[in-house]
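Working notes for the structure below.
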Amino acid sequence: MADLQGSAFILINPDCKESMMNKVIARFAPSPTGYLHIGGARTALFNWLLARGNGGLFLLRIEDTDVERSSQEMTRAILDSMHWLGLDYDQEPFYQSRRFEIYKDYIQKLVRTGHAYYCRCTPEEVEEMREKARGLGQKPKYAGKCREAGLQPGPDTVIRLKAPQVGQTVYQDQVKGSIAVDNTQLDDLVLERMDGTPTYNLAVVADDIEMGITHVLRGDDHINNTPRQLLIYQALDVAPPVFGHVPMILGPDKKKLSKRHGALSVMAYKEMGHLPEALVNYLARLGWSYRDEEIFSLKDLLQKFSLDNLGASACVFDTEKLKWLNSHYIKESSPERLAVILQEHLDASLPVPAQEYLEKVIPLLQPRASTMQEMAEMAHFFLVPDQELEMDQKAVDKFLTPEAREYLREVSEILAGMEEFDQENLEQAMKVYIEEKNIKFKAIAQPLRVALTGKTASPGIFETMQVLGRESCVNRLRRVQGL
RNA sequence: GUCCCCAUCGUCUAGCGGCCUAGGACGUCGGCCUCUCACGCCGAAAACAGGGGUUCAAACCCCCUUGGGGACGCCA
């Protein structure tokens with residue numbers, strides 16, 4: 001790109017179509033100062049889709065230059081979350097903390113070419129300048145005191161970008177459209193701190209150049225950083241990547257999602273019993289749409305995702321819709337897989353059930369549970385020892401009348417004498433019994449349910465009985481006689 | 001305060017000047033099914049923030065107002 005510095009109107013990256021022709025290289029660049037939260041996960045997903053959906057590369061960069069707040073554990077946790085969601089990356093992760101030499105080179109190049117200068121102003125002085133600007137009703141910024149001072153490196157100096165003071169910086173945002181900022185709004189940002197470490201904006205630009213990044217999709221909250229970064233690209237005389245800023249995810253109160261109101265980590269959703277494909281599907285639809293469709297697998301998304309269908313406005317995270325998607329995927333999943341997941345959610349006081357048994361229980365719960373946590377609660381009566389089954393007292397009082405107990409006593413004897421203890425034969429046996437007694441099925445359905453499950457709501461009574469098995473059914477029916 | 005961004009049912013959204021008496025989905029409310037609870041099916045209520053333009057024609061284009069969000073660090 002030509003050096004346009006100083007011209008009245010600076011147009012950067014007027015059209016991305018040409019670069020779209022080349023191989024897409026996108027990245028996700030989390031800072032390991034916290035868990036991977038819902039917003040970060042969506043950013044990662046979109047970048048992954050952009051790269052993988054176009055035969056490109058998806059790289060990972062760990063922005064751990066803040067040694068104080070970054071940790072190895074958080075990096076691990078972020079990687080685990082991405083793995084759980086099914087977002088894999090190419091090459092080894094790039095760690096900014098190991099790349100300080102590269103940043104030094106970039107900064108020195110800027111100093112050499114006259115695009116950066118040494119500054120001796122103290123943080124207090126700079127703060128005064130900002131205050132002054134604020135007082136004048138202007139945007140707080142560094143006033144440029146050392147800009148023309150021609151200072152040499154020293155122990156108390158930082159390096160600042162010599163940013164253009166006229167014209168404007170314009171770029172085509174892939175989701176927002178044209179964005180323009182007057183250069184007077186921007187100041188000479190610090191590139192290298194007093195301790196010699198690079199600042200965020202410099203490191204990002206240097207890395208994106210080094211990594212060959214073609215597309216930067218990131219949160220809306222970075223929209224104001226983009227013009228600053230563009231200025232660095234310009235000073236470096238390097239063509240910038242394509243930028244796109246996806247809208248923020250808001251909490252139910254329409255405020256930026258934070259730990260206070262449910263900006264939970266990805267892993268928290270796992271613990272609540274959400275399936276990864278449900279979370280991916282939900283996140284994808286938050287800010288993106290494809291006609292009237294709602295259900296998307298990762299594979300569908302790969303094929304259908306495009307920047308064109310990204311929305312521009314902020315959206316509210318809706319737990320109810322997530323749960324609906326989750327219940328959908330629970331219905332779609334195999335009992336084999338769900339059994340493994342369910343184990344993690346079961347009450348620790350329960351005896352560890354066999355995989356085969358869970359696989360019989362789960363089909364009865366699939367249409368009823370919207371999270372695996374819920375399923376674990378529903379599965380409880382299937383797994384608890386007969387003598388420890390908790391009984392809902394209100395249900396007992398209402399349905400286990402003396403008359404009903406007598407029916408149950410007789411039924412328990414019938415069950416004990418049955419040949420094939422399956423749903424079909426159970427239904428037949430009960431039919432015969434109620435005809436014999438000349439009663440309605442309703443007269444014994446709820447008493448049976450309460451006796452067997454302890455509750456008034458459960459899966460179908462015959463399928464429940466078949467899964468529980470003869471022994472448990474008889475045990476439980478006998479047990480209620482004494483209650 | 002200054003700058004930037006955004007604005008269709010409660011929520012996620014379709015809509016890219018005429019197909020819109022605004023479509024879908026979640027949720028809500030009815031109904032059907034039914035051994036309970038679910039699932040499923042059927043149906044209903046529910047939105048173009050306001051005001052000016054442009055145009056034969058505006059939810060769609062422009063401007064203003066209002067509202068919301070974000071950013072103004074030697075954090076990332």
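Numbers restart at 1 for each chain; the letters A, B, ... are given by sequence-line order, proteins then strands.
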Inset, instruction - Can you figure out which of A25(B), C5(B), C4(B) approaches the side chain of K176(A) most closely? - result: C5(B)

Legend entry - Selection from G24(B), G27(B), C37(B) that lies nearest to any side-chain heavy atom of E320(A): G27(B)

Legend entry - Between C12(B) and C3(B) - P atom distance, rounded Å: 28 Å

Inset, instruction - Could you give the distance separating C41(B) and A46(B) at their P atoms, to the nearest angstrom? - result: 24 Å

Inset, instruction - State which of C74(B), C5(B), C12(B) makes the closest approach to the side chain of I223(A). - result: C5(B)

Legend entry - Closest listed nucleotide, where the reference is the side chain of K139(A) and the choices are U2(B), A76(B), G40(B): U2(B)

Legend entry - Residue closer to the 5' end of RNA chain B, P367(A) versus A29(A) (nearest nucleotide): P367(A)

Legend entry - Complementary nucleotide for C72(B) - Watson-Crick or wobble, under 3.5 Å: G1(B)

Legend entry - Gap in Å between the two P atoms, one belonging to G69(B) and one to U8(B), rounded: 14 Å

Legend entry - Nucleotide of C4(B), U36(B), C74(B) approaching R368(A) most closely (side-chain heavy atoms): U36(B)

Inset, instruction - Output yes when a side-chain donor or acceptor of N183(A) lies under 3.5 Å from a complementary backbone atom of V166(A), and no otherwise. - result: yes

Inset, instruction - Scan Q185(A) against the nucleic acid and name what it touches under 4.0 Å (heavy atoms): base, sugar-phosphate only, or nothing. - result: sugar-phosphate

Inset, instruction - Determine the contact category for C121(A): base if any of its heavy atoms lies under 4.0 Å from a base atom, sugar-phosphate if only primed atoms, P, OP1 or OP2 are that close, otherwise nothing. - result: base

Legend entry - Side chain D422(A), main chain Q466(A), donor-acceptor under 3.5 Å: no

Inset, instruction - For L286(A), answer base if it contacts any base atom (sugar-phosphate contacts may also be present), sugar-phosphate if it contacts only those atoms, and nothing otherwise; contact means non-hydrogen atoms under 4.0 Å. - result: sugar-phosphate

Inset, instruction - Please state the C1' separation for the pair G51(B) and U11(B) - nearest whole angstrom. - result: 28 Å

Legend entry - U13(B) and C6(B), which share atom name C1', separated by this distance in whole Å: 15 Å

Legend entry - Distance between P atoms of A76(B) and G18(B) (Å, rounded): 49 Å

Legend entry - Close side-chain approach of Y329(A) and P276(A), heavy atoms under 4.5 Å: no

Inset, instruction - Both distances under 3.5 Å, Watson-Crick or G-U wobble: report the partner of C56(B), or none. - result: G18(B)

Inset, instruction - Ignoring hydrogens and angles, tell me if any N or O in the side chain of D173(A) forms a donor-acceptor pair with the backbone of S178(A) under 3.5 Å. - result: no

Inset, instruction - Please work out if G135(A) contacts a base, only the sugar-phosphate, or nothing of the nucleic acid, heavy-atom cut-off 4.0 Å. - result: nothing

Legend entry - Of S313(A) and V190(A), the one whose closest RNA chain B nucleotide lies more 5': S313(A)

Inset, instruction - Considering only atom C1', compute the distance from A38(B) to C33(B) and round it to an integer number of Å. - result: 12 Å

Inset, instruction - Send over the distance from Q174(A) CD to C5(B) P, rounded to a whole Å. - result: 16 Å

Inset, instruction - Would you check if Y118(A) and V158(A) make a side-chain contact, meaning some heavy-atom pair closer than 4.5 Å? - result: no

Legend entry - Check: S289(A) side chain, R291(A) main-chain N or O, donor-acceptor pair, under 3.5 Å: no

Legend entry - No-H, no-angle donor-acceptor pair, R449(A) side chain to C35(B) base, under 3.5 Å: yes

Inset, instruction - Could you tell me whether the phosphate oxygens of C3(B), OP1 or OP2, come under 4.0 Å of any side-chain nitrogen or oxygen in R134(A)? - result: no

Inset, instruction - For this output row, return yes or no: ring centroids of W324(A) and Y282(A) closer than 6.0 angstrom. - result: no

Inset, instruction - Look at the side-chain N and O atoms of S289(A) and state whether any lies under 4.0 Å from the OP1 or OP2 oxygen of A14(B). - result: yes

Inset, instruction - Indicate the ring-plane relationship of Y407(A) and Y433(A), choosing parallel, tilted or perpendicular according to the 30° and 60° boundaries. - result: perpendicular

Legend entry - hbond_proxy D220(A) side chain to G70(B) base (donor-acceptor, 3.5 Å cutoff): no

Inset, instruction - Look at the side chain of E293(A) against the base of G24(B) and say whether a donor-acceptor pair falls under 3.5 Å; ignore hydrogens and angles. - result: no

Inset, instruction - Report which part of the nucleic acid P227(A) touches: base, sugar-phosphate, or nothing (heavy-atom distance under 4.0 Å, all strands). - result: nothing

Legend entry - Pairing partner of U34(B) (Watson-Crick or G-U wobble, both distances under 3.5 Å): none

Inset, instruction - Check every atom of C6(B), C26(B), A76(B) against the side chain of W324(A) and return the nucleotide holding the closest atom. - result: C26(B)

Inset, instruction - In whole angstrom, give me the gap between the P atoms of G15(B) and C74(B). - result: 42 Å

Inset, instruction - Remember a base hit wins even if backbone is also touched, and classify N225(A) as base, sugar-phosphate or nothing at under 4.0 Å, heavy atoms. - result: base

Inset, instruction - Quick one: label V158(A) by what it contacts on the DNA or RNA (base, sugar-phosphate, nothing), any heavy atom closer than 4.0 Å. - result: base

Legend entry - Pairing partner (Watson-Crick or G-U wobble, both distances under 3.5 angstrom) of A7(B): U66(B)

Inset, instruction - Remember a base hit wins even if backbone is also touched, and classify T33(A) as base, sugar-phosphate or nothing at under 4.0 Å, heavy atoms. - result: nothing

Inset, instruction - Establish, with yes or no, whether the OP1 or OP2 oxygen of G73(B) is under 4.0 angstrom from a side-chain nitrogen or oxygen of K141(A). - result: no

Inset, instruction - Respond yes when some side-chain nitrogen or oxygen of R130(A) is under 4.0 Å from OP1 or OP2 of C74(B), and no when none is. - result: yes

